[in-house]
Amino acid sequence: MREIFDAEWKMKMIIAESAKDVLQMVSEISDKLIPGAIVAFDFETEKVEGDDDDSVNPLADSLFSVSFACNEETVYTFRLQKDGQWMYPEMVVQEVVSLFKKLFNRGVTKVLHNMKFDLKLVYRITGMLPQVDDMSWDDTMIMSYLVDENRTAKLKSAAGRYLTIDANKYESMLNDAGKISKINDIDWFITAQYNCADSWMTRRLRDVLWGRLIEQGLDSLYKNLYKGLLIALMEAEIKGFRVNAEYLREQLKKLEDGLNSKDKFMKDYGEAIFQRKILELKDKWLALKVESDKLNGVEKEDAIKRGQEVENKFLYFESTVRNGFNPRSVKQLKELVQLMDLAKFIEKTTNKGSLSLDREVLDMIVSKDSSGFIQTLIDYRKDEKTRGTIQGLLDRMDKDNLIHSSYLAHGTVTGRLSSRDPNLQNLPSGHLIRDAFIPRDGHDLVVCDFSQIELRIAAYYAQEETMLKIFMEGGDIHSKTALECFDLKVPVEEIKKLFPEQRRKAKIINFGILYGLSDYSLGKTLDCSKKDAGLYIEKYYVTFPGLKKLREDVIKEVLETETVTNMFGRKRRFPGLAAAYYKFGSNEKEIAHQLREAFNALIQSTAVDICNLSITKIRKRFLAEDLLIWLLGQVHDEMVWEPEKKYTEKVVEIVTEIAPNIVEGYVTPIDIKVCRNWGEK
DNA sequence: TTGAAACTCT
DNA sequence: CATGAGAGTTTCAAT
């Protein structure tokens with residue numbers, strides 16, 4: 001056993017050096033797990049040999065070591081595994097395992113930074129997970145996120161910020177010691193201290209952040225939403241979404257065949273044009289060479305320079321042809337579009353100011369191209385995207401055809417979740433891909449989404465009478481908007497049938513308003529003049545005056561407080577906005593952007609809090625009724641559950657009871673469907 | 001490894 | 001002055 005004291009941090013690190021040390025340490029830690037104790041712990045992991053996945057994977061990585069901060073001063077640490085194998089005799093391993101099992105005592109508060117990650121490791125060791133109603137786990141990453149959504153919630157950043165220490169001290173030590181990428185090759189006493197520092201910071205952060213949560217009125221959101229949500233999400237990640245791999249491989253094959261022929265067509269076409277141009281450029285280059293021989297001084301230098309430019313160009317074209325024209329290369333495409341004489345029709349530029357060749361532009365120039373190249377490119381891009389998505393799903397599927405996406409609860413400024421590896425929140429709508437997502441044998445998918453939740457939230461905050469009435473009576477909001485904005489002289493019930501085009505446009509206006517759409521952009525999307533678009537927006541606000549007032553109120557509020565707070569207490573902060581707004585000559589574009597963001601944040605954050613609160617509440621009810629039903633996925637205002645068939649009706653009943661009634665006194669209706677695959681929804 | 005550009009979703 | 005909010009992934013090209 002070795003002890004190291006960090007006088008600056010007042011941190012005593014106790015490091016085990018042998019199996020005997022581990023036994024003693026486990027017993028000491030065990031003794032401290034008494035009711036009322038607050039203990040932070042943290043794992044270090046490493047990739048196992050032969051795992052080609054480059055991301056950190058708590059379901060597969062080797063457990064290098066763990067540290068326990070049992071109070072604010074004392075931290076213990078010991079090694080666990082090497083290359084995925086335990087480093088100790090079976091008896092010692094059993095003691096370690098039972099220590100982790102003792103953590104499930106609800107009288108002891110456990111603190112983790114990114115709790116889903118470490119709890120998955122605990123799950124691998126013990127086979128145990130906390131229940132969704134277990135309040136004895138704290139996540140300092142989420143606390144830090146709630147306290148300041150604008151700054152990174154990473155442990156070292158948060159610790160540096162809230163503990164006012166040099167939080168990277170031990171990481172620097174690790175880097176100095178190593179310059180080796182593998183944690184296993186570094187002296188254990190160095191990594192041990194690094195590991196200790198992490199749980200020490202986590203333990204210290206917990207108290208500081210808890211104070212901040214209380215100060216800012218965020219404690220209820222943290223306790224009632226996040227504690228349960230994180231566990232429900234962790235269950236979804238562990239469980240995984242089953243996919244029909246054979247079906248996906250079939251679709252992949254079909255796409256690849258189509259892509260190959262499109263690729264060949266475009267290659268041949270592109271290369272022919274480049275070849276022709278190369279000859280032209282060579283002639284030009286020769287001419288310039290002859291010319292430059294006749295000249296002197298500055299003129300000669302200029303001609304040589306131009307000659308070199310021409311030479312570079314045809315050398316580039318030659319290498320392009322040699323390596324094969326690649327329709328995925330934006331650079332090559334731009335050259336080609338210029339040679340095809342289509343560039344003159346393109347006004348749109350990319351963010352950096354170069355020629356844009358996105359779908360919108362291609363749609364515009366496709367009619368000017370008789371060769372079929374542009375149309376082929378449009379189709380190619382679409383299919384290539386789908387192919388990539390399918391390939392990504394197949395690559396990430398485990399041996400049981402399960403896809404374990406992870407959900408980040410701290411990834412967005414509005415409180416939305418994000419999904420990654422793979423992202424299940426941006427799968428193309430429609431059947432092709434979503435049909436591949438299926439329930440396990442003997443199970444159903446229950447898919448539930450909130451209908452028009454953002455508009456309903458806006459109406460609620462605004463107490464917009466006309467809008468509330470339409471929602472309450474089950475009327476069609478888009479029809480009403482169409483009627484008023486386009487002066488349609490028919491009863492509102494007939495709009496859907498008689499003026500579907502106007503209704504479609506009204507839908508764009510309805511959603512656009514929530515995002516702060518300008519007359520300029522609305523004109524572009526509706527393909528009408530800016531002036532007409534402005535009139536529509538005006539009429540919209542006459543029809544729904546409450547919404548106009550709400551927008552003004554939110555802007556007024558954010559300019560005073562630099563903060564938007566939703567009905568659950570969630571905050572979206574805009575530091576510096578007030579000062580910037582009242583300062584002469586500041587960036588108006590940026591201010592306008594932040595004001596749009598502020599209004600949208602109120603609506604978006606409320607919508608997602610309702611959805612996530614319903615997930616937590618529903619999952620807790622399943623627990624209370626002893627139904628072993630886990631969440632499978634969440635897509636902002638949609639949730640997917642996977643019950644055994646015998647529980648399907650019960651799930652529909654409970655979801656239908658809970659989800660629409662999260663806000664007291666205001667119903668947020670849902671659509672719910674039992675599906676054989678995700679595409680059926 | 002990073003940034004730009006393209007495309008996907010709610 | 002620019003002009004709709006929030007995300008993640010893939011590919012190419014440059015560093």
Side-chain angles (χ1 to χ4, degrees), chain A residues 54-55 149 316 320 323 326-334 348-362 377-378 380-393 395-396 405-408 410-430 432-434 449-455 458 508-526 530 533-534 537 564 572 585-605 607-608 611 633-639:
Chain A
D54 56 359
S55 60
E149 75 289 348
Y316 173 65
T320 302
N323 299 321
N326 182 356
R328 284 166 305 207
S329 163
V330 178
K331 193 178 173 208
Q332 292 179 29
L333 273 177
K334 278 178 190 166
K348 188 175 174 187
T349 61
T350 66
N351 284 336
K352 240 190 110 202
S354 69
L355 202 69
S356 170
L357 280 177
D358 66 9
R359 178 60 197 269
E360 189 189 328
V361 169
L362 296 184
L377 179 64
I378 291 171
Y380 180 86
R381 285 226 180 122
K382 174 96 185 145
D383 290 354
E384 174 69 8
K385 185 79 187 172
T386 313
R387 190 200 62 77
T389 306
I390 293 180
Q391 189 64 61
L393 292 174
D395 290 345
R396 289 183 162 85
S405 167
S406 355
Y407 290 91
L408 262 71
H410 65 285
T412 72
V413 288
T414 54
R416 273 191 174 184
L417 305 179
S418 68
S419 155
R420 64 177 192 198
D421 302 324
N423 182 353
L424 295 184
Q425 293 180 323
N426 72 343
L427 294 175
S429 54
L432 183 61
I433 289 183
R434 295 174 108 101
D449 71 339
F450 289 83
S451 55
Q452 297 170 330
I453 187 158
E454 295 196 340
L455 275 174
I508 294 174
I509 299 174
N510 272 327
F511 284 107
I513 293 284
L514 301 180
Y515 302 141
L517 190 70
S518 67
D519 50 1
Y520 173 85
S521 302
L522 183 62
K524 271 209 317 190
T525 27
L526 294 189
K530 177 178 152 175
I537 294 175
V564 176
R572 170 81 177 96
S586 56
N587 189 343
E588 290 181 39
K589 174 186 142 199
E590 181 56 27
I591 291 168
H593 182 257
Q594 292 200 15
L595 294 179
R596 285 196 297 273
E597 234 186 293
F599 181 69
N600 179 257
L602 178 70
I603 310 296
Q604 194 184 104
S605 72
V608 79
C611 187
Q634 188 262 30
V635 189
H636 311 308
D637 61 0
E638 175 181 359
M639 52 183 134

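Labels below follow one simple rule: chain letters A, B, ... track the order of the sequence lines, proteins then strands, and each chain is numbered from 1. Keep in mind the model is a prediction, meaning the values are calculated, not measured.
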Counting any heavy atom closer than 4.0 Å, what does A/Thr389 reach on the DNA or RNA strands: base, sugar-phosphate only, or nothing? nothing
Let's see if you can work this out: which of B/dT10, C/dG4, C/dG6 has an atom nearest to the side-chain heavy atoms of A/Leu517? C/dG4
Under 3.5 Å, is there a donor-acceptor pair between the A/Gln332 and A/Thr320 side chains? no
Round to the nearest Å and state the distance from A/Asp421 atom CG to C/dG8 atom P. 10 Å
Could you check whether A/Val413 gets within reach of a base, just the sugar-phosphate, or nothing at all, counting any heavy atom under 4.0 Å? sugar-phosphate
Taking the side chain as every heavy atom from C-beta outward, state whether A/Glu360 and A/Lys348 have any pair of such atoms under 4.5 Å apart. yes
Would you mind classifying the nucleic acid contact of A/Asn351 as base, sugar-phosphate or nothing, using non-hydrogen atoms under 4.0 angstrom? sugar-phosphate
Are A/Asn600 and C/dG4 close enough that a side-chain N or O sits under 4.0 Å from OP1 or OP2? no
With distance as the sole criterion, do the side chain of A/Arg596 and the base of C/dG4 form a donor-acceptor contact below 3.5 Å? no
One thing to verify: whether A/Arg387 and A/Glu384 come together as a salt bridge, which I'm taking to mean a side-chain N less than 4.0 angstrom from a carboxylate O. yes
Base C/dT10 paired with A/Arg328 side chain (donor-acceptor, <3.5 Å): no
May I ask you to say what A/Lys331 touches in the nucleic acid, namely base, sugar-phosphate or nothing, with a heavy-atom cut-off under 4.0 Å? sugar-phosphate
Does a side-chain N or O from A/Ser354 land closer than 4.0 Å to OP1 or OP2 of B/dA5, or not? yes
Does A/Asn351 CG have over 12 foreign heavy atoms under 6.0 Å away? no
side-chain N/O A/His593 vs C/dC1 OP1/OP2, d < 4.0 Å: no
For C/dT11 and A/Lys385 - does any side-chain N or O of the residue sit under 4.0 Å from the phosphate oxygens OP1/OP2? no
May I ask you to decide if A/Pro422's main-chain N or O and A/Ser405's side chain share a donor-acceptor pair within less than 3.5 Å? yes
Is there aromatic stacking of A/Tyr515 against C/dG4, centre distance under 5.5 Å, plane angle under 30°? no
Between A/Cys611 and A/Glu638, the two heavy atoms sitting closest are SG-N, 4.1 Å
Distance below 4.0 Å between A/Thr412 side-chain N/O and C/dG6 OP1 or OP2: no
Among B/dT10, B/dA5, C/dA13, the one nearest A/Thr350 by side-chain distance: B/dA5
For B/dC7 and A/Arg381 - does any side-chain N or O of the residue sit under 4.0 Å from the phosphate oxygens OP1/OP2? yes
May I ask you to say what A/Asn326 touches in the nucleic acid, namely base, sugar-phosphate or nothing, with a heavy-atom cut-off under 4.0 Å? sugar-phosphate
Counting the atoms with a prime plus P, OP1 and OP2 as sugar-phosphate, which does A/Gln604 contact under 4.0 Å by heavy atoms, base, sugar-phosphate, or nothing? base
Determine the contact category for A/Lys524: base if any of its heavy atoms lies under 4.0 Å from a base atom, sugar-phosphate if only primed atoms, P, OP1 or OP2 are that close, otherwise nothing. nothing
Which part of the nucleic acid, if any, lies within contact of A/Ile603, taking any heavy atom under 4.0 Å across all strands shown: a base, the sugar-phosphate backbone alone, or nothing? nothing
Please evaluate the base of C/dC1 for a donor-acceptor partner in the side chain of A/Lys589 within a cut-off of under 3.5 Å? no
Using the P atom in both, what is the distance from B/dA6 to C/dT3, to the nearest Å? 15 Å
Base, sugar-phosphate, or nothing: which does A/Asp519 touch, judged by heavy atoms less than 4.0 Å apart? nothing
For A/Leu333 and B/dC7, what is the distance between atoms CG and P respectively, to the nearest whole Å? 11 Å
